[in-house]
Amino acid sequence: MDRIKIIGGNRLNGVIPISGAKNAALPLMIASMLTADRLTLKNVPNLADVNLLARILRNHGVDLAVDGKRPGTTHLGETFHLTARDIVDTTAPYEMVSRMRASFWVLGPLIARMGQAKVSLPGGCAIGTRPVDLHLEGLKALGADIEIDAGYVIAKAPKGLRGARIIFPKVSVGATHNVLLAAALARGETVIENAAREPEVGDVARCLVKMGAGIDGIGTSTLRIQGRDRLEGAVHTVLPDRIETGTFAYAVAATGGDVTLEGTNVELLETALAVLPKIGAEVTATANGIRVKRDNGHIEPITIETQPFPGFPTDLQAQLMALVTTARGTSVIRETIFENRFMHVQELARLGADIRLHGDTATIKGVPHLRGAPVMATDLRASVSLVIAALVAEGESMINRVYHLDRGFERLEEKLTRCGAAIERISAG
Ligand code: UD1
């Protein structure tokens, strides 16, 4: 298994290109199942999760062609042409869905297009129980008949789905995607109340509009979808990754330095960027991105809780925690989305952080220095928080199990090395 070696202490200076958003690319790829025509997606990040979903979609009969690349253009992301002329298999097996939770979102499109689906209950990051009740209730409201048998969701709608009013009792990104995708091919109007407002949901909705669906309320918590009998092909560019943007912004704030994050924009993560002036860093919007700068001086502590968009994202909680481990004072971070998303705490402690956990709240007492140590990546976002901490720690850190990082961060070592970090991947051979 690959490991990453980091010698801490270098400031970051330069330019980091931001990739397309993983959390938009995945549901957009799934949207290709809704039409027999070609869906072209540009700016798709080259990530383990994207490649795994590509395999899952191929299994269903989706044909995927990837454009070739000229040397030197790799940072522009890949262009995927997806064509689901015939869905040859409506089963998504446990071996695949258990490796990536988002692949469960094929359920809605399969029922909508084929009138049937058999999809394994998901796995994914070990950050909480992560049920799928909201997905199932939403699809039932659209007329799907759903049973659970031997770890599989078996869904039928032989006469197709019909529009309905769905009020989610809790905000769920995945359930919103699943129902939104299905509703685009349902008869009549679907209204989703308390829909997730994450920018990636908006990106999927905009793509569905290009494919022919009628959707009002994009970016709000009430989505009104006019379903169609058939959808068409489209060309869509995946929006920039706000979690990657925030991660690098916090890394620069942690190490000090001056970095421009290119190809992204502040509207995607206002709450996360608002933290930076409070802890002592500067943020400015540039023509094509965001500049983050921190000179010498102390990092100030922060009190924050995670919330659905537009609140502070749970996917940046671990990174923010790494940033304030060396603050001048005590920070308090409350995790309200996932109950078990603190696995990074014990690893940060190995680097010298002083963190106490009480239920859903972490209290982080700033220490003057972190010290390098061997640590273990536990999930996607937790592992990148260890990278941030290792970049500021004195001496050498070795991060084990970096396959978690490869699921969601494209060319991380290369992007950081170009800005002056001493970071190196050690391949298992
Ligand atoms: C997505 C993101 C993930 C992010 C999360 C929250 C992708 C691929 N993943 O995950 O990176 O951390 O949103 O922003 O986009 N819940 C239920 N019942 C359900 C569904 C969810 O109770 O049927 C709960 C979950 O356990 C969790 C909360 O709702 O406590 C939010 O989860 P959800 O928004 O669904 O997360 P994902 O879509 O899995």
Side-chain angles (χ1 to χ4, degrees), residues 1-2 4 18-33 39 41-60 62 64 66 74 77-80 82 92-109 119-128 130 132 135 172-174 177-178 181 196 198-201 203-204 207 236 238-247 313-316 318-319 338 341 343 377-385 387 401-415 425:
M1 270 187 277
D2 287 4
I4 283 183
I18 297 300
S19 299
K22 169 181 88 77
N23 286 358
L26 300 176
L28 286 165
M29 289 167 69
I30 292 173
S32 71
M33 298 175 91
L39 177 65
L41 299 176
K42 299 183 177 175
N43 200 31
V44 178
N46 186 359
L47 298 170
D49 272 10
V50 166
N51 295 330
L52 178 58
L53 181 63
R55 277 178 46 205
I56 293 171
L57 293 179
R58 279 200 189 99
N59 215 40
H60 292 297
V62 179
L64 167 64
V66 181
T74 47
E78 296 191 305
T79 297
F80 278 17
L82 300 127
Y94 173 74
E95 300 73 58
M96 291 195 169
V97 183
S98 61
R99 291 174 61 194
M100 184 183 37
R101 187 177 161 88
S103 58
F104 184 72
W105 307 346
V106 299
L107 181 63
V119 177
S120 168
L121 289 165
C125 279
I127 57 173
R130 302 183 87 172
V132 290
H135 300 239
S172 161
V173 173
H177 280 309
N178 225 334
L181 290 165
E198 269 65 5
E200 295 76 22
V201 173
D203 208 36
V204 170
C207 180
H236 187 80
V238 179
L239 90 176
D241 196 315
R242 67 193 162 95
I243 304 303
E244 189 195 23
T245 305
T247 299
T314 174
D315 285 351
L316 283 172
Q319 298 89 316
F338 292 111
R341 202 170 209 183
M343 267 118 53
T378 49
D379 73 55
L380 172 54
R381 310 304 177 184
S383 48
V384 84
S385 79
V387 171
R401 297 203 181 161
V402 297
Y403 58 84
H404 287 293
L405 273 179
D406 297 334
R407 288 187 43 217
F409 288 89
E410 192 180 30
R411 296 180 295 115
L412 180 87
E413 312 92 88
E414 186 192 318
K415 291 183 185 188
R425 178 178 293 250

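The analysis underlying the following values was restricted to heavy atoms, covering all of them including side chains, and did not include hydrogens, waters or symmetry mates.
Nearest heavy-atom pair across Ala25 and Val238 is N-CG1, 4.0 Å. Heavy atoms only, all atoms of each residue included: Met29 and Ala54 are closest at CE-N, 3.8 Å. Considering all non-hydrogen atoms of both residues, Leu26 and Ala102 come closest at CD1-CB, 3.9 Å. Taking every heavy atom of both residues into account, Ala24 and Val204 meet most closely at O-CG2, 4.5 Å. The nearest pair of heavy atoms linking His177 to Val201 is CE1-CA, 3.7 Å.
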With side-chain contact (heavy atoms from CB on, under 4.5 Å) as the criterion, how do His135 and Leu107 come out once you've worked through the C-alpha distance, each side chain's angles and the decisive distance to 0.1 Å? CA-CA 9 Å; His135 300 239; Leu107 181 63; 5.5 Å; no
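Evaluation of the salt bridge (Lys or Arg N to Asp or Glu O under 4.0 Å) rule for Glu198 yields no partner, not counting sequence neighbours. Remark: Asn59 pairs with no residue by the side chain to side chain donor-acceptor pair (under 3.5 Å) rule, at least two apart or across chains. Partners of Asp49 according to the salt bridge (Lys or Arg N to Asp or Glu O under 4.0 Å) rule, which considers only residues two or more places apart in sequence or in another chain, are Lys22, Arg407. A search for side chain to side chain donor-acceptor pair (under 3.5 Å) contacts involving Ser103 returns nothing, not counting sequence neighbours. Evaluation of the side chain to side chain contact (heavy atoms under 4.5 Å, CB included) rule for Ala382 yields His344, Thr378, Asp379 as partners, not counting sequence neighbours. In terms of the salt bridge (Lys or Arg N to Asp or Glu O under 4.0 Å) criterion, residue partners of Arg425 (sequence neighbours excluded) are, by chain and number, Asp2, Asp406, Glu413. Residues satisfying the side chain to side chain contact (heavy atoms under 4.5 Å, CB included) test with Asn23, not counting sequence neighbours, are Glu200, Asp315, Arg381. Listed by chain and residue number, Asp203, Lys210 satisfy the side chain to side chain donor-acceptor pair (under 3.5 Å) test with His236 (two or more places apart in sequence, or in another chain). Remark: Ser120 engages Tyr94, Val97, Tyr152 in a side chain to side chain contact (heavy atoms under 4.5 Å, CB included) (not counting sequence neighbours). When the side chain to side chain donor-acceptor pair (under 3.5 Å) test is applied to Ser32, no partner is found at least two apart in sequence or on another chain. Judged as a side chain to side chain contact (heavy atoms under 4.5 Å, CB included), and not counting sequence neighbours, the contacts of Pro109 are Ile30, Met33, Leu34, Asn178, Leu181. In this structure, Phe80 has no ring pair (Phe, Tyr, Trp, His ring centres under 6.0 Å) partners at least two apart in sequence or on a different chain.
Rounding to the nearest 0.5 angstrom, the gap separating the CG atom in Leu41 from the OG1 atom in Thr79 is 9.0 Å.
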